Amino acid sequence: MRIQQLKSQAISRAKRLYVATMMQVVGRALQAISQEDNEIQRELSAFPENFTFAMKVLPAGPGLMLRKAADGSFIFLSDSDGEADLTIYIKHIEHAFRMLSFQESTATAFANDRMVVDGDISSAVRMVRALNRLEAFILPKLVAEMAIKEYPSITLPEKLIQGARIYLRVATNFLSEQRKAA
Amino acid sequence: MSKGYYEFFCPVKVIAGEAALEHIPFELSALGVSNPLMITDKGVRGAGLSDYVITACSEGGVEMASIFDDVPPDSSTEVVRNIAAVYREQGADSIIAVGGGSVIDTAKAVNILVSEGGDNLAKYSGAGVLKRPLKPFFVIPTTAGTGSEVTSVAVIADRKKGVKLPFGSPFLLPNAAIIDPRMTLTLPAHITAATAMDALTHAVEAYTCMAKNPLSDAYAFSAVKKISEHLLEVMENPKDPQGRLELAQASTMAGIAFSNSMVGLVHALGHALGVICHLPHGMCMSLFLPYVLEYNLRKGKIREPLAELLLPLAGARVYANTPPEQRARRAVAAIRELRDELFERCKLPRTLKETGKVSLDLLPKIADVAMDDGSIIFNPAEADFEEVLEVLKSAWDDM
């Protein structure tokens, strides 16, 4: 019984760590793709400057928050505690884990009532499309096909180049933040 | 295929059938109230439908605290505040809504103000803001289509700010929905047809979209059957109370289905068309239903559930005589045949062109608005702008 308890505690901690890390990765990747991709920029064009988007796991995180900058791109905010204009709340860490480990697509997670939207629904629809496009670029096709409803028509060179750029920007962003913290 | 997870919720007591209105006094007393405010519109009042309710209550010892009969087709926060003031002035203790979608949504919003206090409706806008039960609330639908009597949402326009305020909470659901055939007996043919197509769309989308589940499937399947079996019968014989009751029940069942499984691209397009061209919601649903089903079918997403719907849509003989691989396409054909019949009988348009109110140059704008509609998330097939535009072009003149 004791071993079982320790095992489930360890799994629970690992899931929380994974979700927290993925929130950081997805947040930074959204920032990166919003600086690169015309489609995403078109989606974000509907939001006013300083519009904030958050995705948070209930009851107390982890989460991510982004703010729309003057140039139309998203800026990842290291502090996700504030109130955002649009927040997608994920009801439980397990639901966030399933979504961020791509076992359950964003649309399926909505259909399964794993998430609730606080804010304008149309804005949430745009953000879901942006997340889908991001996943299409940064995930291997086989994994992306599980994470989104339909894999978009992206050529392999386009995917590789765009994916590499996003990962590079995410890594740079992580490193510069580490340097600042040091 | 079994669904990995689902939620289903409908605590509304459905009181349906002959002399259903006469149950209202007992149901009010069971909730400890006796002084209801009736909320309705001029059309319902003028048709004498509210009189059935007033008489049924009066004979059962219940008098209305007041009757507000001036709900406009597109209600607003101002109307809601005015009705809340009447409720308070007259010392009402409950609400009875008699009408269609606008009356029911207005009554839900009035219930928020009179239960929570104050006049600021915007404070309660959004999902899950309400945290406690509201005042006793009964709904008597006078159209057989919206299903609003069993949905936990309402939309009210804030004209000063130029926005529509959405409300979503299980506490908005009425305590009871009273389905009495007398209330739809005098509906004109074109409204009967359009509202029934609205209910059919609720049921078909509930059965084929992403959040379908075994319980919503049961309601949706039965709703499709009732509409297929009774709509043309009622169009032929509008005064048939049994047929009217079947359609009214189908509408409520479809409402229960879609409020638990959501809807898809038909609604996304219909909402957009309604906003831009000011066409009735039911007509918008009828205009898009076959074209969206064909689109989803082409994408290989709804073959199985749509094939199953051939049975309630066309009957056992057609189902049995249709090879399994053709059933989904035959189901769409059955919907097209129904639309053709309705066009013959009451000129319910089948294409955007036939409405005479939509121009070809508006299609990109309609597609653009549809792309941002919340329903699109639950459509089983992904649809980008170009694909949505293609569906609209198909719906333009059925080519």
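The shown structure was predicted, so the numbers you read here are calculated from the model rather than taken from an experiment.
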Heavy-atom distances under 4.5 Å only: say whether A:T108 touches chain B with side chain, backbone, both or neither.
both
Over 12 foreign heavy atoms within 6.0 Å of CD, B:E78
no
Rounded to the nearest 0.5 Å, the CD1 atom of A:I121 sits from the CG atom of B:D372 at a distance of 11.5 Å
Where does the angle between the aromatic ring planes of A:H95 and B:Y5 fall among parallel (under 30°), tilted (30 to 60°) and perpendicular (over 60°)?
tilted
Can you tell me which portion of A:D120 sits under 4.5 Å from chain B's heavy atoms? Options are side chain, backbone, both or neither.
neither
Which answer fits B:M262, side chain, backbone, both or neither, if we ask what part of it has an atom under 4.5 Å from a heavy atom of chain A?
neither
Checking heavy atoms, do the side chain of B:P380, its backbone, both or neither come under 4.5 Å from chain A?
backbone
Among A:V116, A:N112, A:D118, which residue has the highest count of heavy-atom pairs closer than 4.5 Å to chain B?
A:N112
Do you know which of A:G119, A:S123, A:A107, A:A124 has the most heavy-atom pairs under 4.5 Å to chain B?
A:A107
Dump the intermediate steps for side chain to side chain contact (heavy atoms under 4.5 Å, CB included) on B:E382 and A:N132, then the final yes or no.
CA-CA 11 Å; B:E382 194 63 88; A:N132 285 348; 3.7 Å; yes
Do the side chains of B:I377 and A:V128 get nearer than 4.5 Å, heavy atoms only?
yes
Enter the distance from A:S153:OG to B:D384:CG here, rounded to the nearest 0.5 Å.
7.5 Å
Once rounded to the nearest 0.5 Å, what's the spacing between atom NZ of B:K299 and atom NZ of A:K149?
10.0 Å
Inspect the contact between A:K91 and B:E7 and indicate whether a charged nitrogen and a carboxylate oxygen are less than 4.0 angstrom apart.
yes
Closest approach of B:A211 to A:A111 (non-hydrogen atoms, all atoms of both residues)
CB-O, 3.5 Å
Does A:E36 have any side-chain hydrogen bond (donor to acceptor under 3.5 Å, both in side chains) partners at least two apart in sequence or in another chain, and if so, which?
A:R165, A:R169
Is there side-chain contact between A:R129 and B:M371, with heavy atoms separated by less than 4.5 Å?
yes
Select, from B:V129, B:V369, B:N379, the one with the greatest count of heavy-atom pairs under 4.5 Å involving chain A.
B:N379
Are there more than 12 heavy atoms of other residues, nucleotides or ligands under 6.0 Å from atom CD of A:E83?
no
